[in-house]
Amino acid sequence: MRNDDAERPPQSSGDSAPAPGTRPPGNAPAPAEAPSAAAEEPAGDGADRLRLYGYLTAPERRTYLAVMRLFTSTLMADLGAGEVAAALAGAERRGEIDAGESRLEVVVDRLEQLARWGNLVPGRREPAATIAEFTRSRVRYQAAKLAVRIQRDAEDVLSVAEGAREVSRELLPAIERGLADIESTLGEILGAEQGRGPQAASARGLRERLAQQVTTLFLQHEEFAAAVRDFYAYLGSVIARYDLAPAETAGFKHMLLEYVELIAQDVLRHSEPVVLRLGGLNRRRDELLARLDSGPGGDLAPRPARSGQTELMERAPGRRAADWEQLTGWFVGRPGRPSEVDELREATSRAITALFANVKRVTGAGGVDPGRRRDLVKLAGWFDSASPETAHDLYAAAFGLFSARHLALAADDDAPDPARTWPQGKRIDVEVNVRSRSERAPGGPAPRISDDPLGRAALLEEEERRRGRRSAAVGELAAARGDLAGARLSSDALEVLCELLTLAGADRDGPADQGSASDAATGLTVVLEPRPRGRVARIGSELGALELHGVDVRLSVEDPLLPDAEGAR
């Protein structure tokens, strides 16, 4: 004997179809002619997934949170209404939920609502020995996958501290070493597969090690990126506040000038080797992904789903090309899309600029008097304790401007009209200094040039690279001074030589005179000696041959006249 009406899960009168992602309880088949809401909405709309957050803002959210904590506290929880009601009774006695929320009929309504939202999935019915018990039995529920993730994120938000999140700086060198290990292991795998075949024990062991290294790398980068985002989100929410006390300003100044700049320096120092490692791995990405798919768990890896088909398993990080694109985009920018490293540099610069503006406003002569804050707090206390009549008097005394106290300076081109009273006359703009401090002199000293430590470091690096290229060019010229005609000078060496040739030519008064020019920093000297007409001095380079008529070019390298830049510092 079968009662189809009894097997259907209880639903409200306004629900004619089960919630998306749920299945009918028991063995009742789903009606084929009634498409689900997920099939009616376009793919990727996400409206059904947004309904999963409904219990967090509902009026009964305390009860819903307690119920979801029961389902997410253990793995594969399978609970009925009676078990949930018994667990909620203790929470009701402790005052964690409202009175009456642990009653069985209320719990049934809460479970049905969570099932309609998609947070719970109705499953089998509770066992029954008789037909009467079967008609009174209720559906047992399990938590959906996305609902478990939402509940976990909600618990993290409820328990997270309000302060700044510490950034694990040691993860950056770990990411760099992880990329190097992945590149080395991939090379070993290719060698082992060529020698003993892909199914050899050594090749399988190397593929397992590669999978471990890739997973560890992406987890480390995810943790570091999340910590950086949380830290700068907190920093942006407090650095622009205008109600910071002097002690708070001093604390943020210490955090910015030391901790934030330290983070930025670490990111800039490790970004270049990470970019080089990523470039090498991206060129071998197909080989890398193929070995990851053929490693442990490769047979269980989900294949691309067809329309209307659900993937069986969510891939681990690093198993898709999109994961590597996202990792590369964090360190390497693209046209119109800067990298996270560039945005980190800009955010640090903006934070330091905002801090200096706050410090100047609090302590500078051109800003508000630091003692004014205490006066305003004291005035606010007076308003809080005053009666309505006294509050009106306080407001008039503190902020009231009546006609008898309106004082203004006449304009230079003011033409008085005897028929017009002064309240009807032309309004005059009064400067801020005159309004706030009754001072006509410009407020504050001339603005100072703000210090940009990141820009200074970039300029120093650029200058170091320029000196290195110039030293290499001088060394190339010194090596080729015996045979300039047969040399193949680079563009940098030719540029240095042409610069000195121009100075040596300007040193000559006539064609029969000798000219010379020296570089005091490198010790390179160029001498132009006159030769009979028809004599041609040739200098070979990658860009072509340079010919000088009527002169001979002689190069020499001596000790530099100026000290080295590093020694000078």
Side-chain angles (χ1 to χ4, degrees), residues 166-198 200-229 231 261-298 301 315-334 337-345 454 457-458 461-462 464-465 468:
E166 182 182 3
V167 179
S168 302
R169 296 171 41 240
E170 62 273 8
L171 290 178
L172 274 174
I175 292 173
E176 180 183 349
R177 291 192 301 268
L179 289 171
D181 294 341
I182 291 174
E183 189 174 6
S184 175
T185 305
L186 182 59
E188 295 179 10
I189 291 176
L190 296 178
E193 291 179 350
Q194 293 177 359
R196 300 184 179 180
S202 58
R204 291 198 302 270
L206 289 173
R207 286 196 295 268
E208 183 175 357
R209 187 207 304 175
L210 179 66
Q212 296 172 357
Q213 293 171 348
V214 169
T215 302
T216 303
L217 169 71
F218 276 86
L219 291 179
Q220 290 172 343
H221 177 262
E222 181 181 357
E223 172 65 20
F224 179 77
V228 168
R229 285 194 299 268
F231 177 79
E261 187 173 359
L262 192 62
I263 294 174
Q265 289 178 353
D266 285 349
V267 172
L268 294 178
R269 181 170 67 253
H270 292 284
S271 293
E272 185 173 353
V274 168
V275 169
L276 295 178
R277 298 288 186 185
L278 284 174
L281 286 176
N282 285 333
R283 288 190 292 270
R284 307 169 64 182
R285 183 184 301 173
D286 295 338
E287 300 176 355
L288 175 62
L289 296 178
R291 270 65 189 181
L292 291 174
D293 286 338
S294 61
R315 298 304 306 271
R319 270 61 174 178
R320 301 178 304 168
D323 297 338
W324 290 92
E325 291 288 347
Q326 184 178 3
L327 177 62
T328 305
W330 205 94
F331 292 94
V332 183
R334 298 176 181 176
R337 184 180 179 183
S339 65
E340 294 290 337
V341 174
D342 298 334
E343 293 185 359
L344 179 63
R345 184 187 297 112
L454 297 179
E461 292 179 1
E462 183 180 356
E464 185 67 23
R465 290 193 297 268

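Values in this document were obtained by computation on a predicted structure and should not be read as measured data.
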Looking at CD of E272 and CD of E461, how far apart are the two atoms once the value is rounded to the nearest 0.5 Å? 8.0 Å
Under 4.0 Å between a Lys/Arg side-chain N and an Asp/Glu carboxylate O for E325 and R285? yes
Which atom of G333 lies closest to which atom of S339, heavy atoms considered: N-CB, 3.4 Å
Could you check F331 against H221 for side-chain contact (heavy atoms from CB on, under 4.5 Å), going step by step and ending with a plain yes or no? CA-CA 11 Å; F331 292 94; H221 177 262; 3.9 Å; yes
Main-chain N/O of G318 paired to W324 side chain as donor or acceptor, under 3.5 Å: yes
Does one side chain, of T185 or R207, offer a donor that lies under 3.5 Å from an acceptor on the other? no
Residues R277 and E176 bridged, charged N to O under 4.0 Å: no
Flag if over 12 foreign heavy atoms under 6.0 Å of CD, Q326: no
Closest non-hydrogen atom pair, E223 against L171: CG-CD1, 3.7 Å
In terms of heavy-atom contacts, does CD of E462 have more than 12 from other residues, nucleotides or ligands at under 6.0 Å? no
Taking the side chain as C-beta and beyond, is there a heavy-atom pair between W330 and L278 under 4.5 Å? no
Take L190 and R284, measure what side-chain contact (heavy atoms from CB on, under 4.5 Å) needs, and give me the verdict at the end. CA-CA 11 Å; L190 296 178; R284 307 169 64 182; 3.2 Å; yes
For side-chain contact (heavy atoms from CB on, under 4.5 Å), just list the numbers for L217 and L327, CA-CA rounded to whole Å, side-chain angles, deciding distance to a tenth of an Å, and then say yes or no. CA-CA 10 Å; L217 169 71; L327 177 62; 4.2 Å; yes
From L210 CG over to L288 CG, what is the distance, rounded to the nearest 0.5 angstrom? 5.5 Å
Over 12 foreign heavy atoms within 6.0 Å of CD, E343: yes
In this structure, OG1 of T215 is separated from CD of Q220 (nearest 0.5 Å) by 11.0 Å
Inter-residue atom distance R177.CZ - T216.OG1, 0.5 Å rounding: 12.0 Å
Rounded to the nearest 0.5 Å, the OG atom of S184 sits from the CG atom of L179 at a distance of 12.5 Å
Is there a donor-acceptor contact under 3.5 Å from the side chain of R319 to the main chain of P317? yes
Distance, nearest 0.5 Å, that separates CD1 of I189 from CG of L292: 8.0 Å
L206 vs R209, side-chain contact (heavy atoms from CB on, under 4.5 Å): CA-CA, chis, key distance, verdict: CA-CA 5 Å; L206 289 173; R209 187 207 304 175; 3.3 Å; yes
